[in-house]
Amino acid sequence: MTATATLPTFSPARSLALGIRRVPFELKMYFRAGDQVFFTFLFPTLIYSLFAAVFSDQELPGELTMATYYLPGMIAGAILLSGVQNLASDIAVEKSDGTLKRLGGSPLSPVSYFIGKLGQVVVTSVLQIGLLVGVAVLAFGAQLPTTAEAWGTIAWVYVLGIAACAFAGIALSAVPRSGKTATAVIIPIVLVLQFISGVYLQFSMLPSWLQTTSGLFPVRWMAQGLRSAFLPESWAAQEPTGSWDLWLVALNLGLWIIAALVLSRLTFRWIHKDR
Amino acid sequence: MEAKSAGQALSQNELCNDAGSMATTDTPDDANVVVEVHNLRKTYGSFVALDGVSFDIHRGETFALLGPNGAGKSTTIEILEGYRQRTSGEARVLGVDPGIGGLPWRAQLGIVLQSTGETGNVTVRELLTQFAGYYPAPRDVDEVIASVGLREKDKTRIGKLSGGQRRRVDVALGIIGNPALLFLDEPTTGFDPEARRQFWGLIRSLKASGTSILLTTHYLDEAAQLGDRAAVIAGGRLIDIGKIDEIGGAASRMPVVRWTDATGRRREERTPEPGRAVAALVAEAGGEPRDIEIARPTLEDVYLSLIGADSDDAYDSEPVEEVRA
């Protein structure tokens, strides 16, 4: 029959432009979804406020208040929620409600779709962390780091952490069988990870086998990297090896980025395509 | 070539030859063919969903694909949209194999899927404006909103629309890219009669502007109103294909004369010469026959007889007496 007609291919610049165009659209949908705003966006700030209020009179060694102690862990938790919980349930729901099928029938590249999602994750997580830190400082008197080096650490841990969590979220979105079960599948995973990774509980209090287990996942390392920036140097002794091990933080997050990226590339489909 | 001589009943074999020759007689670079399907097969394990379906759709034509649930209509349309891979056979949509069609190919298609669905927290205008940006030469957003009758609702979030209004959003998304070929998979399900008439007007204006359309529908009046040609598929096979007013062959379109006889029984007679039959009845009865009517089978009657369903249980007390030409 007909020889395949040669058609102009769309340029990568077009995919990028359409991806950027999707960011405000994604943000609009994000902030209009009440459950998303509560369970992902506000959750770390609410939990932090609760903990900081309950333990406000506790003084830790090194003139550390609980308000300051909890902040790095809670920021790590926020990055996890914004990446994994947000994207995994968002994409699973869009897969099951027909949004992805419709996009798959349009000339939108999946690359543009993911640029839109990543843009949404970056903007919402930055706002979310800003809110959390603002509340911590203004309402509970948490101490912020003062050295450029500490802020540099926060910056690279955030960038690697949000990338690892966003890609992990995309990969995890393939797991729920329907949009209705998505949050039921994803929230327990995210919650357990936060408990064993030193977000809600002091990491040094956990049994070593749990510390080792959580060491497989990125949250524990994000929390540890951020603690190195927020806590006094003397607190390094509380970490499993007695030091901050920033190279292990970078290694773990780097491996997660690569593994989750490969996994999402392999599992993502606009629809469940048959043979 | 799809015109059939009077009274000719097509066997499956003849049909395949007919459809097959249609596919091969069109020259490969025929610019007037927008969809070419030849011997399309789709199997899921041992289940055969499509068993050698062939048809062409010409430029500017509205082609209706008819058939009962599970006949293979949606499988066919989803293969042509690039959502499903065919098992074997050939398919070309706008000259491109739909199994490998890229984004520029998609930019020329408009797709209205059978099922609707959207998270729903954006407005009609926001969604259409977003989608318009994906296409190289989109239609005007305001014009599209107006053409589907949603001007009053353009700032309403999709989740707050009624089922029929959401369906109109689906149709609006299907035409926003100004497609050369539009797929409509049961587009008016859930429409009230007035909305359906408005929708028909929209489709006619798209036809008038040269858009080719592949339509599946459960409403045979819709196919009769909009379609230029139709194919009937059942059990994954093509049962018949032809112009909308010729499909089924002349025999199935033979007028029916119905009346009530002297004993009070309802009678009917199929005849190519209903006037003569009525005259004979008048002569026989010596006056006006009771409850006399002459009916021409609708597309729905033809369709039901093609797929082997009983089209007429209102008058089934008497064996139908047929007069063959």
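Values reported hereafter were calculated over all heavy atoms of this structure, with side chains retained and with hydrogens, waters and symmetry mates removed.
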Please find the pair of heavy atoms, one from [X] and one from [Y], that lie closest to each other, and give the distance.
X      : Y      : value
A/P107 : B/L103 : CB-O, 3.5 Å
B/N121 : A/M29  : ND2-O, 3.2 Å
A/R32  : B/V122 : NH1-CA, 3.5 Å
B/E126 : A/F25  : O-CE1, 3.8 Å

**Request:** Could you please spell out the steps behind the side-chain contact (heavy atoms from CB on, under 4.5 Å) verdict for A/L108 and B/F131?
**Result:** CA-CA 9 Å; A/L108 184 80; B/F131 268 76; over 6 Å; no
**Any side-chain donor near an acceptor of the partner, A/R22 and B/Y134, under 3.5 Å** =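 There is such a pair between these side chains.
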**Request:** Would you confirm whether B/Y135, through its side chain, and A/S106, through its main-chain N or O, come within 3.5 Å as a donor-acceptor pair?
**Result:**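 Flag not set: sc B/Y135 to bb A/S106 has no pair under 3.5 Å.
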**Region of B/T87 in contact with chain A, defined by heavy-atom distances below 4.5 Å** =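 Neither part.
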**Prompt:** For B/E143, does the CD atom sit with more than 12 other heavy atoms under 6.0 Å from it, leaving out its own atoms?
**Reply:**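 More than 12 heavy atoms, drawn from other residues, nucleotides or ligands, come within 6.0 Å of this atom.
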**Prompt:** Taking 4.0 angstrom as the limit, do B/E81 and A/K101 come out as a salt bridge?
**Reply:**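 A salt bridge is absent here (no side-chain N lies under 4.0 Å from a carboxylate O).
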